[in-house]
Amino acid sequence: MKNVVSVNPTDKVDELSLKTRPDLVLVLLGNHFPVEKVQSIRNAGIKTAVWLTDCPYYFDKTIQYTIEYDFVLTNDYQKFGCKQVYYMPLAVNTGVFRPQPVNLSYLSGICIVATAFHE
């Protein structure tokens, strides 16, 4: 079984990667992870991937750094300038999140399900 190491974008991820030599460095979102660190990791022969979960809302920003990665995982079908783009939608545990009976006090005419983006 392989180990998974979770770090923050502000950590010295490039230095840790060079020391531990992982099979893959997976970055979530990517907008807070410096491109220079991605380049350093890739230059060391370590594969990199970024998982974009807010597409297409930030396409204009994400397109600027996705070309630095080996793989792009996205919940949209954009190509992002990267040769290896894979559709990877968010998952849900249907054993926990499923229709359930609720008290009638929750009955309403409007239900908004969204994310906190102005778009």
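What you see is a predicted model; the values in this text were computed from it and never measured.
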Run Leu52 and Val72 through side chain to side chain contact (heavy atoms under 4.5 Å, CB included) and show every step you take.
CA-CA 7 Å; Leu52 306 172; Val72 174; 3.8 Å; yes
So do the side chains of Tyr65 and Val38 get within less than 4.5 Å of each other, counting heavy atoms only?
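No, too far: nothing below the 4.5 Å cut-off.
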Do Asp70 and Gln84 have side chains that approach each other closer than 4.5 Å (heavy atoms only, starting at C-beta)?
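Result no, sub-4.5 Å side-chain heavy-atom pair not found.
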Find the distance between [atom1] ([X]) and [atom2] ([Y]) and round it off to the nearest 0.5 Å.
{"X": "Glu68", "Y": "Thr48", "atom1": "CD", "atom2": "OG1", "result": "8.5 Å"}
{"X": "Tyr87", "Y": "Thr74", "atom1": "OH", "atom2": "OG1", "result": "9.0 Å"}
{"X": "Ser17", "Y": "Ile46", "atom1": "OG", "atom2": "CD1", "result": "5.0 Å"}
{"X": "Lys12", "Y": "Leu18", "atom1": "NZ", "atom2": "CG", "result": "12.5 Å"}
{"X": "Ile41", "Y": "Glu15", "atom1": "CD1", "atom2": "CD", "result": "10.5 Å"}
{"X": "Asp11", "Y": "Leu16", "atom1": "CG", "atom2": "CG", "result": "8.0 Å"}

Same hydrophobic cluster for Leu90 and Val92, using side-chain heavy-atom links shorter than 4.5 Å among ILVMFWY?
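No, no single cluster joins them.
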I'd like to know if the side chain of Arg98 and the backbone of Gly95 have a donor-acceptor N/O pair within less than 3.5 Å.
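Confirmed, Arg98 side chain pairs with Gly95 backbone.
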Would you please test Asn8 and Val13 for side chain to side chain contact (heavy atoms under 4.5 Å, CB included) and show each step?
CA-CA 8 Å; Asn8 292 313; Val13 179; over 6 Å; no
ILVMFWY clustering at 4.5 Å (side-chain atoms), partners of Val4
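Val4 shares its hydrophobic cluster with no other residue.
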Between Asp23 and Lys47, is there a side-chain N and carboxylate O pair less than 4.0 Å apart?
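No, no charged N to carboxylate O under 4.0 Å.
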By the definition side chain to side chain contact (heavy atoms under 4.5 Å, CB included), identify the one residue from Tyr69, Phe33, Phe71 that meets it with Val50.
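When Tyr69, Phe33, Phe71 are each tested with Val50, the side chain to side chain contact (heavy atoms under 4.5 Å, CB included) holds only for Tyr69.
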Applying side chain to side chain contact (heavy atoms under 4.5 Å, CB included) to Trp51 and Thr53, what does each step give before you reach the verdict?
CA-CA 6 Å; Trp51 187 11; Thr53 58; 3.8 Å; yes
Derivation and outcome, side chain to side chain contact (heavy atoms under 4.5 Å, CB included), residues Val7 and Val5:
CA-CA 7 Å; Val7 296; Val5 177; 4.0 Å; yes
Between Asn103 and Ser105, does any side-chain donor sit less than 3.5 Å from a side-chain acceptor?
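Looking only at side-chain atoms, Ser105 and Asn103 do form a donor-acceptor pair, the distance falling under 3.5 Å.
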